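Keep in mind it's a predicted model, so treat the numbers as computed, not measured.
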Amino acid sequence: MNQHPASVSSTIQPGPGLSLTYGYGTDRGLRRELNEDSYIAADPVFAVADGMGGHEAGEIASGLCVRALAAMPQVTTGERSITAAVLQQYLVRADNSIREATGARAGTTLTGAVLVEQMGRPYWLVLNIGDSRTYRLSQGRFEQISVDHSEVQELVDAGEITAQEATVHPRRHVVTRALGTGDETEADYWLLPVEAGDRVLVCSDGLTGELADEDILRILSTVAEPQEAVDALIQAALRSGGRDNVTAIVVDARNVANDDGAGTTAPRPTSADGDEVTLPRAQAAEVVTQPLPSPVEATDQNGEPDDDRR
């Protein structure tokens, strides 16, 4: 859930051999008074929701989203039995709750990775809706697993602009899917085998809007501890401008069993000015004429404000 950032990494061992070490944190940024990001970092679910709407609506949307995920019984038991179908059921509940609470005037993106097990083999079940992102550094290869649901991604896919041009495009913050608003609310899913030494990053666009992929890779590949990597990523985003709320979760997988059952641990290889505001496509036309909404600080499940670090 929208928990207080940890000062040290957490380690869990969901099964024989395999262990996860993870860190997490959030910051309201340097331009925002409040934080509309929410997140859950609780075995086996690691996810970030970035609320849209302002006037407390964005905070409500992201908070309802992570609370829906936290309601899955596997979060309490730590079981690795969640499926894409189960996730989608809870996302539908979140979508309905957000629409009821905000009158469909607010929404949230969501991205994350869930540790699941099939036929005795661990997998990352990655989910995404909107433009928050999930990355994986595995066996020396760094890649963005999720695919942005955004207008600029559609332009890139159509060959009308380059990926570099997308980073400065005036409509780069217009999302085409979100929970709680719009017509498209179904998430995309990927199922990836967990490899020894995997490092997964789940983050809001407040991070990727400030740091290029090569900057993210440099930190992930040189900072050993997950919590220290999270802290370094957030601080780097703040130094680059901190125009939006910034949230990140880093999860490391260790002692992943080979096909012969042996556990191994692989070494890990060593824009325009102004606030960044993500909007659903239906509201994008209002950007030119309407004042920007006031962001709202995220709160934990008890209604207490998060410990946002500068």
Side-chain angles (χ1 to χ4, degrees), residues 22-27 29 36-41 45-52 62 65-66 69 87 91 107-114 124-138 141-157 163-164 166-169 171-179 186-192 198-221 226 229-230 232-234 236-237 240-252 271 276-280:
Y22 60 94
Y24 47 88
T26 189
D27 194 285
E36 292 182 279
D37 287 357
S38 298
Y39 62 91
I40 176 171
V45 180
F46 305 91
V48 170
D50 182 354
M52 305 173 293
S62 67
C65 179
V66 298
L69 295 178
L87 277 171
L91 294 188
T108 185
T109 68
L110 176 69
T111 194
V114 179
W124 300 115
L125 176 57
V126 175
L127 68 152
N128 186 70
I129 182 166
D131 63 350
S132 294
R133 293 180 178 178
T134 297
Y135 293 85
R136 181 169 71 156
L137 176 59
S138 180
R141 181 181 180 183
F142 180 64
E143 60 183 336
Q144 179 184 334
I145 303 302
S146 61
V147 177
D148 294 354
H149 296 135
S150 65
E151 284 199 353
V152 293
Q153 185 62 50
E154 290 180 350
L155 293 174
V156 170
D157 293 342
Q164 183 61 35
T167 64
V168 294
H169 195 280
R171 295 180 70 82
R172 64 189 177 278
H173 299 296
V174 179
V175 298
T176 56
R177 291 194 211 177
L179 291 173
E186 186 170 352
D188 290 337
Y189 298 94
W190 297 262
L191 191 64
L192 310 171
D198 271 5
R199 169 163 280 190
V200 170
L201 167 66
V202 183
C203 61
S204 63
D205 69 340
L207 181 73
T208 57
E210 300 293 356
L211 301 180
D213 282 3
E214 54 265 31
D215 299 319
I216 295 174
L217 172 59
R218 177 180 52 78
I219 293 173
L220 291 179
S221 60
V230 166
L233 287 166
I234 291 176
S240 294
R243 289 167 289 182
D244 199 356
N245 310 143
V246 186
T247 302
I249 302 171
V250 172
V251 186
D252 287 354
S271 59
E276 305 294 338
V277 179
T278 301
L279 294 171

Original post:
Can you check whether I216 reaches T208 side chain to side chain, under 4.5 Å on heavy atoms?
Top reply: yes

Original post:
Should the ring pair Y135 and F142 be called parallel, tilted or perpendicular, given that the plane angle runs from 0 to 90° and is split at 30 and 60?
Top reply: parallel

Original post:
Does the side chain of S62 come under 3.5 Å of the side chain of S38 through a donor N or O and an acceptor N or O?
Top reply: yes

**OP:** Please check if any side-chain donor atom of S204 sits under 3.5 Å from a side-chain acceptor atom of D37, or the reverse.
**Re:** yes

**OP:** Carefully, step by step, assess M52 and V175 under the rule side-chain contact (heavy atoms from CB on, under 4.5 Å).
**Re:** CA-CA 10 Å; M52 305 173 293; V175 298; 3.8 Å; yes

Original post:
Mind checking whether N128 and T134 have side chains closer than 4.5 Å, heavy atoms only?
Top reply: no

**OP:** For residues I249 and Y24, report the shortest heavy-atom separation together with the two atoms involved.
**Re:** CG1-CB, 4.0 Å

Original post:
Is any side-chain heavy atom of L87 less than 4.5 Å from a side-chain heavy atom of L69?
Top reply: yes

**OP:** Check whether any side-chain heavy atom of W124 lies under 4.5 Å from a side-chain heavy atom of V251, and answer yes or no.
**Re:** yes

Subject >> L179 side chain near I129 side chain, heavy-atom distance below 4.5 Å >> reply: yes

Original post:
Is the shortest heavy-atom distance from the side chain of L220 to the side chain of L233 under 4.5 Å?
Top reply: yes

Original post:
Do P226 and R199 come close enough that some side-chain heavy atom pair is under 4.5 Å?
Top reply: yes

